[in-house]
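A short write-up of the structure that comes next.
In listed order, ligands and their atoms are each counted from 1.
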Amino acid sequence: MKFNTKTIHGGQEHDPATGAVMPPIYQTSTYAQSSPGKHKGYEYSRAANPTRTALENNFASIENGTHGFAFSSGLAAIDCVLKLLNPGDEVIAGDDLYGGTYRMFTRMFEKYGLKFHFVNMEESANVEALMNSNTKLIWIETPTNPLMKIADIDKISKIVKRKDSNVLVAVDNTFATPYLQLPLDLGADIVMHSATKYLGGHSDLVMGALMVKDQQLAEELHFIQFAGGAVAGPQDSFLALRGIKTLHIRMQRHCENGMAIAKYLETHPKIAEVFYPGLESDKSHHIAKKQMKDFGGMVSFKLKEESEAAAFKILESFKVFTLAESLGGVESLVNHPITMTHASIPAKEREKIGITNSLIRLSVGIEDIDDLLADLKRALQ
Ligand SMILES: *Cc1c(COP(=O)(O)O)cnc(C)c1O
């Protein structure tokens, strides 16, 4: 099946009990057994639930994996990956990460004996330089949040595996989605999503996903998911599955609108810099062009007037864009990273990588582009 068919049919069967075309919401925690241990494949919903299974099979399908896992949040999915590791193990991660990922790494897992290195992954050699015999996991986010940096998944995977084939490469594919890039095909072992964002697509649920293509890795992750317990519920699983059915057409419009807005901002006299991998002026455009089908709906920019007051004035003036955290829904959102999504990153770290007072991040929705451009123009006046 091609991608645009997989979003709708990938891993799906009609309900065996009734023929229902949409998977029923199996709102049940437990399942009757005819004799102790004799059941129809379901015992208790922390281990498996049919609605979640339908979603997990779809997750696997859209990322070209063999196994998918649905979690109660994106961070719960990352937490599950890190629990594959042991005290003393080291992780190499990008230096521009979703704030909650950075917080989990440094404030939760460092105290359990994991060591984290943060590097600019635009240069693949930076990863190689930090590898040693304790390295067990490479954590790649591309494009990054909020500076839209691009890491070369294929190149990094090859470098890492050549040095040590046991080191796992994981990619947070939240911003790109499988519509734009397929990390498992590019050599990664694990794909992670905040399904809260584009996969769900309607800002109506919080969920995480993992996809893999290796049986043993799948078994280990399933054990941690089951033993740790951060599973997605049946109602949310239904909503996510419903959302994914339109992922490809939503993404097409997100990309069109994202590009139009990035181009408009690039010429605006009040803007100092636009971060969008689709612009030819973007320093990582050549890598993005190689590994992504298009460039997505996330656009960040900095003002010439580098002040919080200037940014706030603009942020308070939007009428179509909503000032809110999160991204990836059908509606356009605007965000001020340093006070909102990235407040958990220490100021010194933020400054070092360029998350400044005037940085504004847009999640460009699928509304009419004329209304979005008019709203931006008004807000920037
Ligand atoms: C939102 C987000 C997360 C965290 O996911 P939640 O569903 O909020 O727990 C992780 N990575 C990226 C890139 C995100 O945007």
Report yes or no: does L327 have a heavy atom closer than 4.0 Å to ligand 1? yes

Could an N or O of ligand 1 be found under 3.5 Å from any N or O of I78, whether backbone or side chain? no

So, the side chain of N126 versus the backbone of N120: is there a donor-acceptor pair under 3.5 Å, distance only? yes

Transitive ILVMFWY side-chain link V171 to L84, under 4.5 Å: no

Could you list which atoms of ligand 1 come closer than 4.0 Å to a heavy atom of N145? 15 (O)

Is any side-chain N of the basic residue among R253 and E256 closer than 4.0 Å to the acidic one's carboxylate O? yes

Any donor-acceptor pair under 3.5 Å from S284 side chain to I287 backbone: no

Per-atom filter on ligand 1: closer than 4.0 angstrom to a heavy atom of S194 are 1 (C), 2 (C), 3 (C), 4 (C), 5 (O), 6 (P), 7 (O)

If you draw the axis of the six-membered ring of Y26, does the NZ or CZ of K40 fall within 45° of it and under 6.0 Å from the ring centre? no

With a 6.0 Å cut-off (strictly less than), is the heavy-atom count around NZ of K213, excluding the residue itself, greater than 12? yes

Return the residue, atom name and 0.1 Å-rounded distance of the protein heavy atom closest to atom 4 (C) of ligand 1. Y98 CE2, 3.4 Å

Ligand-residue contact atoms, ligand 1 with M207, heavy atoms, under 4.0 Å: 7 (O)

Test of proximity, T101 against ligand 1: N or O pairs below 3.5 Å: no

Write out the residue and atom name of the closest protein heavy atom to atom 15 (O) of ligand 1, then the distance separating them to 0.1 Å. K197 NZ, 2.7 Å

Is any N or O atom of G74, backbone or side chain, closer than 3.5 Å to an N or O atom of ligand 1? yes

Between D89 and N86, is there a donor-acceptor pair closer than 3.5 Å when you use the side chain of the first and the backbone of the second? yes

Taking atom 13 (C) of ligand 1 as the reference point, the nearest protein heavy atom with its distance: D172 OD2, 3.3 Å

Below 4.0 Å from ligand 1: does a non-hydrogen atom of H193 turn up there or not? no

Cationic tip of K293 within the cone over Y179's six-membered ring, i.e. under 6.0 Å and within 45° of the normal? yes

